[in-house]
Amino acid sequence: MEENREELMEILEDTRPELDFENETALIDDQLLDSFDIISIVSEINDTFDISINVNDLLPENFNSVDAILALIKKLQEE
Amino acid sequence: MAFFSWQFILFLTVSLAVYYIVPGRFRWLVLLASSSWYYVVGGGLKSCVYVLVTVITIYLGAVIIDNMQRKVDEQLKGRSTEAGTVKLSREEKKQLKALGQKKKKRVLVLVLLINFGILIVLKYGFFLSTNLNGLLERFHTSGRLPEVSFLIPLGLSFYTFQTMGYLIDVYRGKYSAERNILRLCLFTTYFPSVLQGPINRFDDLAKQLYEPHSFDDLQFREGLLRMLWGIFKKMIIAERAAIIVNEVFGNFEASRYAGFTLVVGILLYSVQLYCDFAGGMDIVFGASQMFGIHLRENFRQPYMARSVSEFWQRWHISLGNWMKDYVFYPIALSKPFAKMQKTLKKNVNPYFGKVFPSFLASFMVFVLVGIWHGANWKFVYYGLYQATFVSTETLFEKPYADLRRICRVREEAAGWKLFQMIRTLTILSIGRYVDVVPDMPTVIRALKATFSTFNPYIFFDGSLYTLGVDERNFGILILMILLIAAVDVINERGQTVRGIIARQQFPFRWVVYLAAIAAVLVFGMYGPGFNMSSFIYAQF
């Protein structure tokens with residue numbers, strides 16, 4: 001899990017270095033990430049974790065915080 | 001029924017009175033009755049047939065999809081045998097889910113095809129049949145399609161998009177299907193927004209529609225004020241600007257306008273479009289707020305955008321969000337796009353691979369947005385033009401940033417921000433030529449005429465006052481535009497002028513209301529051909 005977190009943080013910080021991902025809990029609700037960011041983050045996550053996040057998973061609650069994204073990754077890895 | 005007519009005022013007053021008089025649990029039925037009445041009177045019975053087809057198909061589609069999902073969920077819990085429930089293996093679960101998904105998809109596609117089909121045939125039938133006939137002619141075949149044109153039901157694009165969004169959300173499992181068809185009917189035809197949007201989302205609006213709202217003095221006042229503000233924008237600003245725009249561009253082939261006259265014309269067209277559309281929205285939101293129902297905002301000070309993509313996040317927000325959720329994401333995350341992304345990352349350049357799929361998907365979205373504006377090739381070009389700016393912003397993000405560093409731009413300086421706003425407005429204004437003249441060759445001619453003549457003297461020799469609006473009215477127009485700009489600046493800082501006024505003491509409030517009504521009556525433009533119902537966006 002810790003490993004996942006580190007890899008995810010790397011992807012996120014690579015996309016938007018100026019955001020404080022550790023403490024943000026409303027990445028989507030506050031429109032901190034735009035649609036282009038989401039696409040690039042999702043594609044990186046899919047490659048890195050070998051999962052496939054599809055359009056049905058693109059709910060704000062799955063992407064609002066690092067923990068939420070981690071939970072989504074975990075859920076998809078288990079499926 | 002025009003928004004600014006005594007019939008509408010009477011209709012709204014009666015609806016509001018009945019809404020607040022009847023017991024709470026019947027209130028949504030009052031909204032349904034009002035919406036149905038509004039739709040029948042405004043659109044005629046033929047329109048109702050189309051809207052009913054949509055309500056019934058979407059209702060059934062959503063319920064069937066929901067039932068299928070429930071069944072799968074039930075089966076996933078395990079197989080019941082005599083010895084009790086047996087858990088399914090991971091493989092079995094996977095298969096079951098895939099099968100359920102496939103069945104759900106069939107229903108979704110069928111219902112979307114029916115509703116999209118109706119939209120395309122009604123709205124684009126003429127465009128498609130003439131273009132196909134052109135093609136047939138080119139291949140020297142003798143067969144021709146009949147050139148069809150239909151009556152377009154009231155609010156067709158808006159209610160179709162709204163209900164399709166609902167169905168797709170149910171399919172995606174975002175929420176369950178609505179089991180009461182009358183409630184879905186109210187969501188589809190809710191009268192303040194059926195004519196010109198916004199494109200509402202079920203999870204935002206539905207609950208608000210069905211729950212009873214008690215009369216709230218402050219909400220009512222704010223709603224009323226917002227309606228007045230919308231009427232003010234439409235009647236005093238948009239209608240005045242329209243006169244000049246029509247004079248300058250209305251018959252462009254025959255006129256000899258050039259240089260700064262065209263610049264003034266196109267800038268006033270931007271003003272007209274904003275005040276017409278956002279003013280219409282203010283009336284919609286205000287009317288809705290009087291019932292205690294809050295719609296999601298459709299505009300956020302669009303002309304303060306510092307880039308074209310930011311403009312599209314501030315202008316007609318509900319359409320942009322719809323396109324993002326139901327077109328952009330599905331395309332950008334589709335399998336072919338994921339494959340393309342991988343190939344590009346590996347063979348071309350990692351950064352390019354990362355942004356190219358979004359770039360391509362946004363092109364597709366903007367072409368669609370263009371076509372949404374009208375069945376005409378010029379709107380396809382319009383979409384491509386917008387997409388070029390939006391997508392290159394991301395594609396060239398790094399070189400742009402380097403350029404700013406080399407030029408030592410201070411990004412937070414007010415001067416730089418202002419420059420960005422003016423730059424965005426210029427790009428948008430050039431794009432709007434497509435909207436004001438009939439076809440592409442004329443667009444090119446108009447652009448040439450704008451840039452090939454240098455005539456700054458028109459600002460001093462009084463020729464601006466010969467465009468259909470005299471000096472006094474031109475002055476009023478400029479003053480009112482400044483007022484709108486000031487209000488937008490205040491809104492941008494996070495305050496609403498409306499809220500501030502509505503909270504004032506009784507006498508002050510009434511001075512503002514009466515001043516606004518007086519301004520509309522005195523300064524509003526009502527020519528003989530005036531028609532308050534002709535909002536530009538109601539055509540879409």
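By convention in this document, chain letters (A, B, ...) are assigned in the order of the sequence lines, proteins followed by strands, and residues within each chain are numbered from 1.
In this structure, OG in B/Ser334 is found 11.5 Å from CG in A/Asn54, a value given to the nearest 0.5 Å. Atom CD1 of residue A/Ile39 and atom CD of residue B/Gln341 lie 8.5 Å apart, to the nearest 0.5 angstrom. Between the CG atom of A/Leu58 and the CG atom of B/Asp325 there is a distance of 8.0 Å, given to the nearest 0.5 Å. Residue B/Met340 holds its CE atom at 11.0 Å from OG of A/Ser43, rounded to the nearest 0.5 Å. One distance of note links OG of B/Ser309 with CG of A/Asp34; it measures 7.5 Å at 0.5 Å rounding.
B/Phe337 does not touch chain A: none of its heavy atoms, backbone or side chain, sits under 4.5 Å away. Within the 4.5 angstrom heavy-atom criterion, atoms from both the backbone and the side chain of B/Tyr329 approach chain A. Proximity to chain A (any heavy atom under 4.5 Å) is restricted, for B/Lys342, to the side chain, taken from C-beta onward. At a 4.5 Å heavy-atom cutoff, the contact between A/Asp47 and chain B is made by side-chain atoms alone. Interface remark: B/Gln101 contributes side-chain atoms only to the contact with chain A (heavy atom separation under 4.5 Å). Contact of B/Lys93 with chain A is not made at all, since no heavy-atom distance falls under 4.5 Å. The parts of A/Thr15 that come within reach of chain B are both its backbone and its side chain, each placing non-hydrogen atoms under 4.5 angstrom from that chain. At a 4.5 Å heavy-atom cutoff, the contact between A/Glu78 and chain B is made by backbone atoms alone.
Counted within 6.0 Å of CG on A/Asp30, heavy atoms from surrounding residues, nucleotides or ligands total more than 12; the atom is thus considered enclosed. With a 6.0 Å radius and a threshold of 12 heavy atoms from other residues, nucleotides or ligands, B/Lys417 has its NZ atom above the threshold. Atom CZ of B/Phe116 is surrounded by 12 or fewer heavy atoms from other residues, nucleotides or ligands within 6.0 Å. Atom CZ of B/Arg296 has 12 or fewer heavy atoms from other residues, nucleotides or ligands within 6.0 Å.
Salt-bridge formation is not detected for the pair B/Lys174/A/Glu61: no Lys NZ or Arg NE/NH1/NH2 atom is positioned less than 4.0 Å from an Asp or Glu carboxylate oxygen.
Shown here for B/Arg90 and A/Gln77, the closest heavy-atom pair between the two residues is NH2-O, 3.7 Å.
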Query raised in the report: Do B/Arg172 and A/Asp57 pass the salt bridge (Lys or Arg N to Asp or Glu O under 4.0 Å) test, and can you show the C-alpha distance, the side-chain angles, and the key distance before you say yes or no?
Result: CA-CA 8 Å; B/Arg172 288 180 180 173; A/Asp57 302 313; over 6 Å; no
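Contact tally against chain B (heavy-atom pairs below 4.5 Å) for A/Val55, A/Leu59, A/Ile53: the top residue is A/Val55.
Judged as a side chain to side chain contact (heavy atoms under 4.5 Å, CB included), and not counting sequence neighbours, the contacts of B/Asn491 are B/Gln301, B/Val487, B/Asp488, B/Thr496.
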